[in-house]
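Working notes for the structure below.
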Amino acid sequence: SIFSFVGIMLGVAILIIVMSVMNGFRTELTNKILGFNPHIIIKPYNNEKINSKFRKQLNENFPKIEVLDSYTGEGVLINNDYAKGLMIKGLDPENKKNSNFLKKILIEGKNNKIKKGQIIVGKELAIELNLAVGDKINLLSSVYIGTPFGALPKQESYTIEGIFSSGFYEFDKNVVFLNLYEALYFFDKTVSDINLEVYLPNPLKADDIKDKIEKI
């Protein structure tokens with residue numbers, strides 16, 4: 001009886017411990033992923049632009065959501081003889097949520113408001129290319145510009161203002177941050193091309209909210 005009781009007790013204890021660890025891991029993983037990525041992204045199209053009327057309707061219909069301006073595109077980082085494709089994300093430096101977000105993930109550099117000519121890179125990318133705050137890197141845009149020698153990719157030089165660590169290897173290696181308006185200029189876009197990032201109190205309801213937004 002004693003051995004049976006101890007065996008059942010150990011089995012239940014191990015089951016509780018394993019479930020607690022897995023639930024904690026799932027919660028931590030979900031928080032990191034959802035904290036780095038928006039729950040819904042609204043993009044303008046040719047016949048449907050994001051204007052002040054749409055923003056007002058969005059705020060009136062969903063008063064509890066948080067909406068941020070952003071623009072994301074793809075580019076190529078060039079450093080000496082090294083070239084690497086990156087996801088370039090433009091953030092509005094005047095938005096408090098963006099400032100708090102950058103302040104939370106920055107491990108080097110104190111400026112959480114990205115200015116013109118500045119860039120923030122991930123820890124893994126900085127380690128791979130031996131980059132530090134104050135270094136300069138070149139980015140090639142996916143946009144081509146006309147020159148006397150024909151169409152060439154747009155190229156800009158940026159100073160590393162900070163290094164961030166999100167906790168995810170792929171994010172830290174493949175994502176960089178620019179000032180929102182610098183990103184628009186880099187990709188030859190205007191303010192009418194700005195995307196809206198929507199953050200919900202309950203991310204699991206993203207599909208329901210998305211369907212309602214599409215009807216506005």
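Worth saying up front: this structure is predicted, and the values here are computed from it rather than measured.
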Is there a path of hydrophobic side-chain contacts, each under 4.5 Å between heavy atoms of I, L, V, M, F, W or Y residues, that connects Leu178 with Phe171? no

Show which residues join Leu140 in its hydrophobic cluster (side-chain heavy-atom contacts under 4.5 Å, direct or indirect), or state none. Val76, Ile78

What residues, two or more places apart in sequence or in another chain, satisfy side chain to side chain donor-acceptor pair (under 3.5 Å) together with Asn174? Lys84, Glu170

Answer yes if Ile163 and Leu106 sit in the same cluster of Ile, Leu, Val, Met, Phe, Trp and Tyr residues linked by side chain heavy atoms under 4.5 Å apart, and no otherwise. no

Give a yes or no on whether Ile88 and Val175 share a hydrophobic cluster (residues Ile, Leu, Val, Met, Phe, Trp, Tyr; joining criterion: side-chain heavy atoms under 4.5 Å apart). no

Say you draw a straight line from CD1 of Ile65 to CD1 of Ile213; how long is it, rounded to the nearest 0.5 Å? 5.5 Å

Between Ile120 and Ile105, is there a side-chain heavy-atom distance shorter than 4.5 Å? no

What residues, two or more places apart in sequence or in another chain, satisfy side chain to side chain donor-acceptor pair (under 3.5 Å) together with Ser165? none

Pick one: which of Gln118, Lys115, Lys136 meets side chain to side chain donor-acceptor pair (under 3.5 Å) with Thr159? Lys136

Scan for ring pair (Phe, Tyr, Trp, His ring centres under 6.0 Å) pairs involving residues 66-87, sequence neighbours excluded, and state none if there are none. Tyr71-Phe187

For a 4.5 angstrom cut-off between non-hydrogen side-chain atoms, does Ile114 reach Leu102? yes

What distance separates Ile50 CD1 from Leu58 CG, expressed to the nearest 0.5 Å? 9.0 Å

Which heavy atom of Ala126 sits nearest to which heavy atom of Val121, and what is that distance? CB-CG2, 4.3 Å

Of all heavy-atom pairs linking Gly90 and Ala183, the shortest is CA-CB, 3.7 Å

List the steps and the verdict of side chain to side chain contact (heavy atoms under 4.5 Å, CB included) for Lys189 and Val143. CA-CA 10 Å; Lys189 301 295 183 179; Val143 174; 5.7 Å; no

Thr190: which residues meet the side chain to side chain donor-acceptor pair (under 3.5 Å) condition with it, sequence neighbours left out? Ser192, Asp193

Under 4.5 Å side-chain heavy-atom separation, chaining through any Ile, Leu, Val, Met, Phe, Trp or Tyr, what else clusters with Ile127? Say none if it is isolated. none

Point-to-point distance, once rounded to the nearest 0.5 Å, from CD1 of Ile209 to NZ of Lys64: 10.5 Å

Please test Ile41 against Leu196 for side chain to side chain contact (heavy atoms under 4.5 Å, CB included), starting from the C-alpha separation and ending with a verdict. CA-CA 6 Å; Ile41 298 177; Leu196 300 183; over 6 Å; no

Rounded to the nearest 0.5 angstrom, the CG-CG distance for Leu77 and Leu86 is 5.0 Å

So, using side chain to side chain contact (heavy atoms under 4.5 Å, CB included) as the criterion, who are the partners of Glu156 when residues are at least two apart? Lys154, Tyr158, Tyr185, Phe186

Please walk me through it: do Lys116 and Asn179 pass side chain to side chain contact (heavy atoms under 4.5 Å, CB included)? CA-CA 6 Å; Lys116 184 179 179 181; Asn179 179 292; 6.0 Å; no

Sequence neighbours left out, what pairs pass side-chain hydrogen bond (donor to acceptor under 3.5 Å, both in side chains) with at least one residue falling in residues 202-214? none

Going by the rule salt bridge (charged side-chain N to carboxylate O under 4.0 Å, His left out), which residues pair with Lys173 if we only count those two or more places apart in sequence or in a different chain? Glu128

Interatomic spacing from CD1 in Ile137 to CD1 in Ile119 - rounded to 0.5 Å: 4.0 Å

Start with the C-alpha gap between Leu200 and Phe62, add the side-chain angles, then the distance that decides, and say whether side chain to side chain contact (heavy atoms under 4.5 Å, CB included) holds. CA-CA 9 Å; Leu200 310 174; Phe62 310 100; over 6 Å; no

To which residues is Tyr169 joined in a hydrophobic cluster, defined by side-chain heavy-atom contacts under 4.5 Å among Ile, Leu, Val, Met, Phe, Trp and Tyr, whether direct or through other members? none

For the side chain of Asp172 and the backbone of Ser166, is there at least one donor-acceptor N/O pair under 3.5 Å apart? yes

Looking at residues at least two apart in the chain, or sitting in another chain, which of them share a salt bridge (charged side-chain N to carboxylate O under 4.0 Å, His left out) with Asp92? none

Smallest heavy-atom separation, Pro44 atom then Asn195 atom, equals CD-OD1, 3.4 Å

Check the hydrophobic clustering (I, L, V, M, F, W, Y; side-chain heavy atoms under 4.5 Å; chains of links allowed) and say if Leu68 and Val191 are grouped together. no

Take atom CD of Glu74 as the centre, draw a 6.0 Å sphere, and report whether it contains more than 12 heavy atoms from other residues, nucleotides or ligands. no

Approximate separation, where rounding is to 0.5 Å, of Lys56 NZ and Lys53 NZ: 10.0 Å

Following the transitive rule for hydrophobic clusters with a side-chain heavy-atom cut-off under 4.5 Å over Ile, Leu, Val, Met, Phe, Trp and Tyr, establish whether Val67 and Ile194 coincide in one cluster. no

Quick check: do Lys43 and Thr72 have side-chain heavy atoms less than 4.5 Å from each other? no

Residues passing the side chain to side chain donor-acceptor pair (under 3.5 Å) test with Ser70, sequence neighbours excluded, are Glu197

